[in-house]
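All chains are named by letter (A, B, ...) in the order of the sequence lines, taking the proteins before the strands, and each is independently numbered beginning at 1.
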Amino acid sequence: MVRAGAPMQPNQYRDIRLEKLEKLKALGLDAWPRKAKRTHGIAQLAAAYADAEAWPNEKLEGLGLSVSAMGRVLTIREMGKSVFAHLTENGEKLQAFFRKDDVAEPGWDVLKLLDMGDFISVTGPLMRTKTGELSIRVKEVQFLSKALLPLPEKWHGLQDKEQRYRQRYLDLISNGDVLKTFRTRSRIVSAVRRYMEDQGYLEVETPMMQPIPGGATARPFITHHNALDMPLYLRVAPELYLKRLIVGGFEKVFEINRNFRNEGLSVRHNPEFTMMEMYEAGSDLRDMMTLTENLLSTVAREVMGSEQLPWGEQVISYAAPFRRLTMKDAIAQYGAIDRHQLEDGDSVRTLAKSVHIEDVETKTVGTLLGDLFEHYAEKQLIQPTFITDYPIELSPLTKALEGDDRFVDRFELFIGGMELANAYSELNDPIDQMGRFQAQMDEREAGNDEAMLLDMDFVTSLEHGLPPTGGEGIGIDRLVMLLTNSASIRDVILFPLMRPMKPSEAADNTE
RNA sequence: GGGCCCUUAGCUCAGCGGUAGAGCAGCGGCCUUUUAAGCCGUUGGCCGCGGGUUCAAAUCCCGCAGGGCCCA
């Protein structure tokens, strides 16, 4: 939309600021100097001297200290021959206090040309104002960068969601919580990585462009390699490569990276998203449960300071252990359905029809159980819950349960009504795996374009021997949503996918 | 994919058949400890785009675009 910034278009604000820029130059100033004069970060000063009791004005002035700090001008309050401004740097604010008699030439003239959004550096002693706010009594001003376009309104911030996502920098400048959320995201990823390393896992990187996309039932994005003249796919999961690494002798590996799935967008789905996958030789699903509980409770404690965190109107407890429930029990419990009804194919079909599930006649009983689970239970699983015993049709890479080959040794972890994690006792029987791939190929023939493709090299790797292995994927974006109480995945991805603006509007941004 | 809702000044929003409005921001004044500073004055609009209905459309109808929420 035209509102989404039209930088090179003339407008009232830009023209006036361009004039001010010329006046700055006329004062003999470099409007875009190469380096800022800076002795302290704003956060550093705030942390050291914010305490008004420990640092009353007399004590601050008694320091005889002169500091230089830089920041973006957020507010300007002009009071005749004195001016107050807030500078911001990295989400922290500091007040600058200018008095005409204090400021060295050409500081006062510079001040007259200052707009909100500009960057300046100020130098002078620290002081505390009458109202007790830590400030710099400015003796010297250095102009650092002119903002030609105005900032969004100062106390409502930027509200238009479209513009917030398209011009995230404006969102970050004017909505304080946004910067905080993304700093928290960084700390969450860091804590997850630290935890995995502490457990002896090795971080690896596997292909994001794959000749055969595998490891998840999802439609891939396709691209093309010119020199080799071959199609390549953006990965939907790293799974098959990570398992090859276990075949190759690694004991514990993990990868935190992007996956790409060619599907719709929603508050829980972005086409590219960040996933952690981990695999451990010799372990199984139970080990993955324990790892997951400890990981989540540790990260919640370390980053958020508590295992009890708000989620909308509710509170989620990340304290281990998490609840465990089989898929059938979940359907029975949340659908108030007699457990025996789920043991018989005909009654499952009848039930599925009664809740308007599509294509009931052509789907397998296992698939329908998955649908019924989604229908009755998924949204209700607010507290962390491991759902186990998945139908084999839904799980082509997972070992069957002992004694019942209609179901597999898999869990999905649900929190806040969302699928957060997915784990298997990995299928390591190459002959069984080949049969499962065959079943997927049949599904593909039948029209399911999310069904997996045969990856023969992966089967070959299994023929060389994969030890018993537990594996899991955890959706990092969703984890950040949960821990930061964010309702939409777009609020935890800096630049979520947006449809491009129309050419006439996009031109405004490319000139 | 289906349903509902939104799009008006740089930003936040009113207005919902009869001359386009407010606050903030901007511009010009006054003000040497303010902090949503204050006071006086003032500029700024293809009312998302395209059709239609009407004497008259920001307002009603249809289509399109972008976005949001709910459902699949």
(message) Using the side chain to side chain contact (heavy atoms under 4.5 Å, CB included) criterion, which residues pair with A/M208? Sequence neighbours excluded.
(response) A/R235, A/N257, A/R258, A/F260

Tabulated below should be each protein N or O lying under 3.5 Å from an N or O of nucleotides 40-42 of chain B; please produce it.
none

(request) Let me know the distance between CD of A/Q159 and C1' of B/A14, rounded to the nearest Å. (result) 16 Å

(request) Select base, sugar-phosphate, or nothing to describe what A/M127 touches, counting heavy atoms under 4.0 Å on all strands. (result) base

(request) Under a 3.5 Å limit for both distances, which nucleotide forms a Watson-Crick or G-U wobble pair with B/U32, could you say? (result) none

(message) Can you tell me which nucleotide in B/U33, B/G68, B/U32 comes closest to the side chain of A/R490?
(response) B/G68

(message) Strictly below 4.0 Å, N to O, side chains only: are A/K353 and A/E361 in salt-bridge contact?
(response) yes

Between side-chain atoms of residues 328-341 of chain A and protein atoms elsewhere (two or more places apart, or another chain), which donor-acceptor pairs fall under 3.5 Å?
{"unit_1": "A/K328", "atom_1": "NZ", "unit_2": "A/E343", "atom_2": "OE1", "d": "3.0"}
{"unit_1": "A/K328", "atom_1": "NZ", "unit_2": "A/E343", "atom_2": "OE2", "d": "3.3"}
{"unit_1": "A/D329", "atom_1": "OD1", "unit_2": "A/R339", "atom_2": "NE", "d": "2.5"}
{"unit_1": "A/D329", "atom_1": "OD2", "unit_2": "A/T326", "atom_2": "OG1", "d": "3.1"}
{"unit_1": "A/Y334", "atom_1": "OH", "unit_2": "A/R323", "atom_2": "NH2", "d": "2.6"}
{"unit_1": "A/D338", "atom_1": "OD1", "unit_2": "A/H340", "atom_2": "N", "d": "3.1"}
{"unit_1": "A/R339", "atom_1": "NH1", "unit_2": "A/E343", "atom_2": "OE2", "d": "2.4"}

(request) Write down the distance between NE2 (A/H156) and C1' (B/A9), rounded to a whole number of angstrom. (result) 16 Å

(request) Determine the Euclidean distance between corresponding P atoms of B/G23 and B/G41; express it in Å to zero decimal places. (result) 11 Å

Side-chain polar contacts of residues 140-151 of chain A - donor-acceptor pairs under 3.5 angstrom, sequence neighbours left out - could you list them?
{"unit_1": "A/E140", "atom_1": "OE2", "unit_2": "A/K37", "atom_2": "NZ", "d": "3.1"}
{"unit_1": "A/Q142", "atom_1": "OE1", "unit_2": "A/K37", "atom_2": "N", "d": "2.8"}
{"unit_1": "A/Q142", "atom_1": "NE2", "unit_2": "A/K35", "atom_2": "O", "d": "3.2"}
{"unit_1": "A/K146", "atom_1": "NZ", "unit_2": "A/L113", "atom_2": "O", "d": "2.9"}
{"unit_1": "A/K146", "atom_1": "NZ", "unit_2": "A/D115", "atom_2": "OD2", "d": "2.8"}
{"unit_1": "A/K146", "atom_1": "NZ", "unit_2": "A/D118", "atom_2": "OD2", "d": "2.8"}

(message) Salt bridge check, A/D171 against A/R168: does any charged N sit closer than 4.0 Å to a carboxylate O?
(response) yes

(request) Could you name each residue pair satisfying side-chain hydrogen bond (donor to acceptor under 3.5 Å, both in side chains) that touches residues 80-94 of chain A, not counting sequence neighbours? (result) A/R38-A/E89, A/T75-A/H86, A/H86-A/E133

(request) Pick the C1' atom in B/U53 and in B/U43, then give their distance to the nearest Å. (result) 37 Å

(request) Write down the partner of B/G1 under the Watson-Crick or G-U wobble criteria, each distance required to be under 3.5 Å. (result) B/C71

(request) Have a look at A/V267 and say if it touches a base, only the backbone sugar-phosphate, or nothing, with a 4.0 Å heavy-atom cut-off. (result) sugar-phosphate

(request) Provide the distance between the two C1' atoms, one in B/G3 and one in B/C46, to the nearest whole Å. (result) 32 Å

(message) Distance check, C1' atoms only: B/A57 and B/U19, in whole angstrom units.
(response) 14 Å

(request) Take atom CG of A/D160 and atom P of B/C13, then tell me their distance rounded to the nearest Å. (result) 8 Å

(request) Find the partner of B/A56: check Watson-Crick (N1-N3 plus N6-O4 or O6-N4) and G-U wobble (N1-O2, O6-N3) distances, both under 3.5 Å, and reply none if neither fits. (result) none

(message) Would you measure the distance from the P atom in B/G45 across to the matching atom in B/G21 and give it in whole Å?
(response) 13 Å

(request) Would you indicate what A/H356 reaches in the nucleic acid, counting non-hydrogen atoms under 4.0 angstrom: base, sugar-phosphate, or nothing? (result) nothing

(message) Can you tell me if A/R77 touches the phosphate of B/A37, counting only side-chain N or O atoms and a distance under 4.0 Å to OP1 or OP2?
(response) yes

(message) Pairing check on B/C13: which nucleotide meets the Watson-Crick or G-U wobble criteria with it, both distances under 3.5 Å?
(response) B/G21

(request) Please check if the side chain of A/D102 supplies one atom and the backbone of A/V138 the other of a donor-acceptor pair under 3.5 Å. (result) no

(request) Could you check how far CG of A/L497 sits from C1' of B/G66, rounded to whole Å? (result) 14 Å

(message) Rounding to an integer number of Å, can you tell me how far A/Y165 OH sits from B/C6 C1'?
(response) 14 Å

(request) Let me know, please, whether A/S135 or A/L158 comes out on the 5' side of the other along RNA chain B by nearest nucleotide. (result) A/L158

(request) Taking atom C1' in both B/C6 and B/C64, compute the distance separating them and give it to the nearest angstrom. (result) 16 Å

(message) Using the rule given for side chain to side chain contact (heavy atoms under 4.5 Å, CB included), can you reason through A/L126 versus A/I136, listing the C-alpha separation, both sets of side-chain angles and the distance that settles it, and then say yes or no?
(response) CA-CA 5 Å; A/L126 288 170; A/I136 293 182; 3.9 Å; yes

(request) Would you mind pulling out the nucleotide paired to B/A37, Watson-Crick or G-U wobble, both distances under 3.5 Å? (result) none

(message) Please report the distance, rounded to the nearest Å, between CG in A/D171 and P in B/G67.
(response) 16 Å

(request) Evaluate the side chain to side chain donor-acceptor pair (under 3.5 Å) criterion for residues A/R410 and A/S395: first the C-alpha distance (whole Å), next the side-chain angles of each, then the deciding distance (0.1 Å), finally the verdict. (result) CA-CA 8 Å; A/R410 169 183 181 183; A/S395 318; 2.8 Å; yes

(message) Treating A/R478 as the side-chain partner and A/E419 as the backbone partner, does any N or O pair qualify as donor plus acceptor under 3.5 Å?
(response) yes

(request) Pick the P atom in B/G10 and in B/U33, then give their distance to the nearest Å. (result) 35 Å

(message) Just the rounded figure in Å: distance from P of B/U34 to CD of A/Q95.
(response) 10 Å

(request) Just call it for A/G264: base, sugar-phosphate, or nothing, with non-hydrogen atoms closer than 4.0 Å on any strand. (result) nothing

(request) Identify which nucleotide among B/A72, B/U12, B/U33 has an atom closest to any side-chain atom of A/E358, counting heavy atoms from C-beta outward. (result) B/A72

(message) Just the rounded figure in Å: distance from C1' of B/U33 to NZ of A/K100.
(response) 18 Å

(request) Taking the side chain as every heavy atom from C-beta outward, state whether A/R137 and A/R99 have any pair of such atoms under 4.5 Å apart. (result) yes

(message) Going by purine N1 to pyrimidine N3 plus the second Watson-Crick contact, or the G-U wobble pair, all under 3.5 Å, which nucleotide sits opposite B/G44?
(response) none

(message) Using the rule given for side chain to side chain contact (heavy atoms under 4.5 Å, CB included), can you reason through A/K23 versus A/K112, listing the C-alpha separation, both sets of side-chain angles and the distance that settles it, and then say yes or no?
(response) CA-CA 10 Å; A/K23 288 178 185 165; A/K112 295 290 165 199; over 6 Å; no

(request) For B/G10, take OP1 and OP2 only and decide whether either is under 4.0 Å from a side-chain N or O of A/R14. (result) no

(request) Report the nucleotide, chosen from B/C69, B/C11, B/U34, that has the shortest atom-to-atom distance to any side-chain atom of A/K161. (result) B/C69

(message) Distance check, P atoms only: B/G52 and B/G17, in whole angstrom units.
(response) 22 Å

(message) Is it the case that B/U34 (base atoms only) and A/T129 (side chain only) share a donor and an acceptor within less than 3.5 Å, ignoring hydrogens and angles?
(response) yes

Please tabulate the protein-to-nucleotide N/O contacts below 3.5 Å involving nucleotides 24-30 of chain B, giving atom names and distances.
{"unit_1": "B/A25", "atom_1": "OP1", "unit_2": "A/K154", "atom_2": "NZ", "d": "3.0"}
{"unit_1": "B/A25", "atom_1": "N3", "unit_2": "A/Y13", "atom_2": "OH", "d": "2.6"}
{"unit_1": "B/C27", "atom_1": "OP1", "unit_2": "A/K20", "atom_2": "NZ", "d": "2.4"}

(request) With the side chain of A/Q163 defined as its heavy atoms from C-beta on, choose the nearest nucleotide among B/G66, B/U33, B/C11. (result) B/C11

(message) Ignoring hydrogens and geometry beyond distance, is a side-chain donor-acceptor pair present between A/D160 and A/Y165 at under 3.5 Å?
(response) no

(message) Looking only at the side chain of A/D101 (C-beta and beyond, no hydrogens), which of the listed nucleotides B/A72, B/U32, B/C70 gets closest?
(response) B/U32

